[in-house]
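In what follows, a structure is listed as structure tokens, so that the remarks can point back to it.
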Amino acid sequence: MLDKPDGYFVKSSEQPSVGVYREAKILENIVSKLDKIQSEIGEIKEAQDKIWSKVHANTIQMERLKDMWK
């Protein structure tokens with residue numbers, strides 16, 4: 001059949017090389033570090049939002065005090 005030997009079109013069940021496992025492990029480490037960085041960025045953003053909220057409130061209070069002294 002098509003001048004090919006028996007089993008030519010059968011996919012062999014070769015085991016992936018050690019390099020493939022090593023590369024997969026490296027990618028897993030990179031993804032876990034990126035997840036950690038992303039969560040830290042979220043925490044920083046929350047802290048920054050709280051700071052801006054307090055700054056805004058203090059600015060409003062300062063304006064009210066200025067109006068009282070006029």
Side-chain angles (χ1 to χ4, degrees):
M1 184 174 173
L2 299 175
D3 297 327
K4 300 294 179 185
D6 290 341
Y8 180 80
F9 295 105
V10 176
K11 184 178 177 181
S12 64
S13 60
E14 295 177 10
Q15 294 293 328
S17 66
V18 176
V20 172
Y21 289 120
R22 188 177 310 141
E23 290 172 359
K25 188 65 177 171
I26 290 170
L27 290 175
E28 286 177 12
N29 289 340
I30 290 171
V31 168
S32 68
K33 288 179 182 179
L34 287 175
D35 286 341
K36 181 180 176 186
I37 290 170
Q38 186 176 13
S39 68
E40 290 173 354
I41 288 173
E43 292 172 6
I44 291 170
K45 185 181 180 312
E46 288 176 14
Q48 185 182 24
D49 289 342
K50 288 179 183 177
I51 290 169
W52 283 115
S53 174
K54 289 181 180 181
V55 166
H56 182 68
N58 288 343
T59 303
I60 292 172
Q61 289 174 357
M62 292 293 291
E63 290 299 319
R64 286 182 186 159
L65 287 173
K66 285 181 186 177
D67 291 340
M68 286 176 47
W69 288 100
K70 287 185 177 182

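Just so you know, these numbers come straight off a predicted model, no measurement behind them.
If you take CD on Gln61 and NE2 on His56, they are separated by 10.5 Å, rounding to the nearest 0.5 Å. Separation of atoms CG (Leu34) and CG (Asn29) is listed at 11.0 Å; rounding is to 0.5 Å. Remark: Arg64 CZ to Met68 CE distance equals 10.5 Å, nearest 0.5 Å.
Here the side chains of Ile60 and Glu63 are not in contact, with every heavy-atom distance at 4.5 Å or above. Side-chain contact check for Lys33 versus Lys36: every heavy-atom pair is 4.5 Å or farther apart.
In this structure, the side chain of Thr59 engages the main chain of Val55 through a donor-acceptor pair within 3.5 Å.
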Test side-chain contact (heavy atoms from CB on, under 4.5 Å) on Asp49 and Glu46 and set out the steps.
CA-CA 5 Å; Asp49 289 342; Glu46 288 176 14; 5.6 Å; no
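Within a 6.0 Å radius of CD in Glu40, other residues, nucleotides and ligands contribute more than 12 heavy atoms.
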